[in-house]
Amino acid sequence: MLSHVNHLTLAVSDLARSVDFYHQLLGLKLHARWDNGAYLTCGELWLCLSVDA
C-alpha cells in the first residue's frame with residue numbers, strides 16, 4: 001500500500017506558463033529553474049516540471 005509520495009515529475013509543453021501556474025497561482029515554492037525544467041515543493045512533496053513535447 002502506498003503511504004506517501006516524495007517526488008512527482010510532470011511533462012509540460014510550456015515551462016514558463018507551467019511555472020507561473022504552480023508557483024504564482026497555486027503557491028508552490030520555486031527552488032530551481034533551468035532551460036528545460038524546474039523544481040518546486042508543496043509541503044514535503046517535490047514537483048519536477050520537465051519540458052517534453
Side-chain angles (χ1 to χ4, degrees):
M1 175 193 265
L2 185 65
S3 62
H4 90 272
V5 175
N6 176 269
H7 184 111
L8 182 65
T9 299
L10 299 177
V12 300
S13 59
D14 186 331
L15 183 61
R17 188 172 175 183
S18 297
V19 168
D20 283 347
F21 176 78
Y22 287 101
H23 178 58
Q24 300 295 336
L25 187 64
L26 296 184
L28 276 66
K29 183 176 180 182
L30 180 63
H31 291 273
R33 184 174 177 171
W34 58 97
D35 290 344
N36 293 317
Y39 280 128
L40 303 100
T41 54
C42 179
E44 294 183 19
L45 173 70
W46 280 88
L47 177 66
C48 176
L49 302 177
S50 181
V51 175
D52 188 4

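Along the sequence shown, residues are numbered consecutively beginning with 1.
- Scanning for ring pair (Phe, Tyr, Trp, His ring centres under 6.0 Å) contacts around H31 gives W46, with sequence neighbours left out.
- Applying the 6.0 Å contact sphere to CD of Q24 captures more than 12 heavy atoms from other residues, nucleotides or ligands.
- Taking Ile, Leu, Val, Met, Phe, Trp and Tyr as members and joining any whose side-chain heavy atoms lie under 4.5 Å apart, directly or through other members, the hydrophobic cluster of L2 also contains V5, L8, L10, V12, L15, V19, F21, Y22, L25, L26, L28, L30, L40, L45, L47, L49, V51.
- When the side chain to side chain donor-acceptor pair (under 3.5 Å) test is applied to H4, no partner is found at least two apart in sequence or on another chain.
- Scanning for side chain to side chain contact (heavy atoms under 4.5 Å, CB included) contacts around D14 gives A16, R17, with sequence neighbours left out.
- Distance check: H23 NE2 to T41 OG1 gives 10.5 Å after rounding to the nearest 0.5 Å.
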